[in-house]
Amino acid sequence: MAKINENYLKLPSNYLFSEIAKRVKNFQEKNPDAEIIKLGIGDVTQPLPKVCIDAMTKAVQEMGNAETFRGYGPEQGYNFLREKISEWNYKKNGIDISADEIFISDGSKCDCGNIQEIFSLDNKIAIFDPVYPVYLDSNIMAGRTEIIFLPCTEENNFSPEPPNEKVDLIYLCSPNNPTGTVLNKKILKNWIDYAKKNNSVIFFDAAYSAYITEKNIPHSIYEIDGAKDVAIEFRSFSKTAGFTGTRCGYVVIPENLFGTTSSGEKILLKNLWLRRQTTKFNGTAYIIQRGAAAIYSDEGQVQIKNLINYYLENARIICEGLKEIGLKFFGGKNAPYIWLKTPENFSSWEYFDELLKNFNIVGTPGAGFGACGENYLRLTSFGNREETLKAVERLKK
Ligand code: PLP
């Protein structure tokens with residue numbers, strides 16, 4: 001019999017969202033009339049911006065014509081999209097990131113999960129707790145064992161200090177999933193200084209950067225001096241433009257970012273990633289890349305802003321409701337996530353069950369994101385307005 005990769009057995013047996021789905025299904029079967037409102041999974045509900053639909057429709061037509069048909073595209077993405085990202089997300093903001101430092105993918109989940117493959121298994125990694133589960137699980141699957149958890153608590157504003165010991169790889173996420181909190185310039189500078197001192201590489205997940213409303217909160221880690229020497233950035237069109245089902249994201253690996261061999265030879269990380277992608281990935285669909293590129297126009301920017309403002313308004317409604325009820329929470333200002341402290345010391349799963357049973361509302365138990373997520377529940381603002389308002393009314397009653 002073929003032997004399995006036993007690292008998979010070290011993972012929690014159930015993916016968090018499968019367990020939630022199971023409990024919701026059980027409840028619905030027993031209570032068929034209950035009108036369940038899902039504020040749990042981080043999936044969007046509003047349609048794609050018109051500019052994206054128009055661009056993809058046009059691209060579909062091109063695919064039906066021999067002169068304009070496209071087969072395999074470049075593994076690292078079409079230049080028309082890489083150029084637009086470089087210009088609109090970086091150069092317009094004074095950040096010098098060029099098209100050939102950008103690698104298009106079919107979403108950030110794969111990128112965040114796959115990036116660790118180009119690093120040695122004996123690297124020590126640092127991960128926030130609670131955390132987006134992909135960072136941790138992908139490292140466990142690979143067989144990495146030296147993992148340091150950095151507790152994110154109310155006391156440290158969900159922003160732990162760099163560890164006292166040396167780590168090689170650091171996962172940062174701002175705006176944060178699940179806590180909805182952000183890392184400011186000073187904090188990021190501190191991490192960059194740490195990474196420089198310890199020759200570490202930072203993975204900066206900016207999947208929610210479009211949700212930042214407060215001035216002075218960095219949208220990109222490259223806004224901070226020195227970041228290009230130590231950081232890889234991940235971005236996604238999922239929450240920026242409603243692409244959760246359409247699939248497009250990208251990784252930025254700066255030109256001069258190096259790793260090292262065991263004998264001390266410096267190797268460009270960008271080249272390793274390209275090598276990995278050309279072997280294991282065959283590019284994001286042309287049609288989808290055309291759709292993504294369409295947000296980089298004046299009209300496209302207006303349309304995605306409207307979309308993001310819709311979800312941010314939902315977040316505001318939830319936060320106002322929770323305030324009125326007197327529940328403690330964090331986030332919701334620069335992020336579509338609200339990190340609710342469970343009342344009366346309920347555990348995360350107990351409170352999840354309470355909300356489901358008494359109010360027919362689904363949240364995500366904080367404990368599913370790590371031990372420090374215990375006694376928290378994550379609510380998302382990705383529902384539609386009507387359901388969000390209804391959920392808040394139910395809670396108030
Ligand atoms: N990073 C974070 C922090 C996320 O929360 C998500 C999705 O929920 C992703 C990355 C992945 O997004 P996608 O694969 O849809 O691009």
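Sequence positions, counted from 1, serve as the residue numbers for this chain. Both counts, for ligands and for their atoms, begin at 1 and track the order of listing. Here the structure is a predicted model, which means the values were calculated and not measured.
- Aromatic pair F103/Y250: ring centres not closer than 6.0 Å.
- Between I338 and C319, some side-chain heavy-atom pair lies under the 4.5 Å cut-off.
- You'll find the ring centres of Y337 and Y208 inside the 6.0 Å limit.
- The residues E320 and K323 are annotated as salt-bridged, a charged nitrogen and a carboxylate oxygen being separated by less than 4.0 angstrom.
- Checked for salt-bridge contact, E165 and K124 meet the test: a charged N lies under 4.0 Å from a carboxylate O.
- Paired with Y171 under the rule ring-ring contact (aromatic ring centres under 6.0 Å, His included), one option of Y132, F128, F203, F149 passes, and it is F203.
- Contact residues of ligand 1 (protein heavy atom closer than 4.0 angstrom to a ligand atom; sorted by chain and number): G107, S108, K109, Y132, Y135, C173, N177, D205, A207, Y208, S236, S238, K239, R247.
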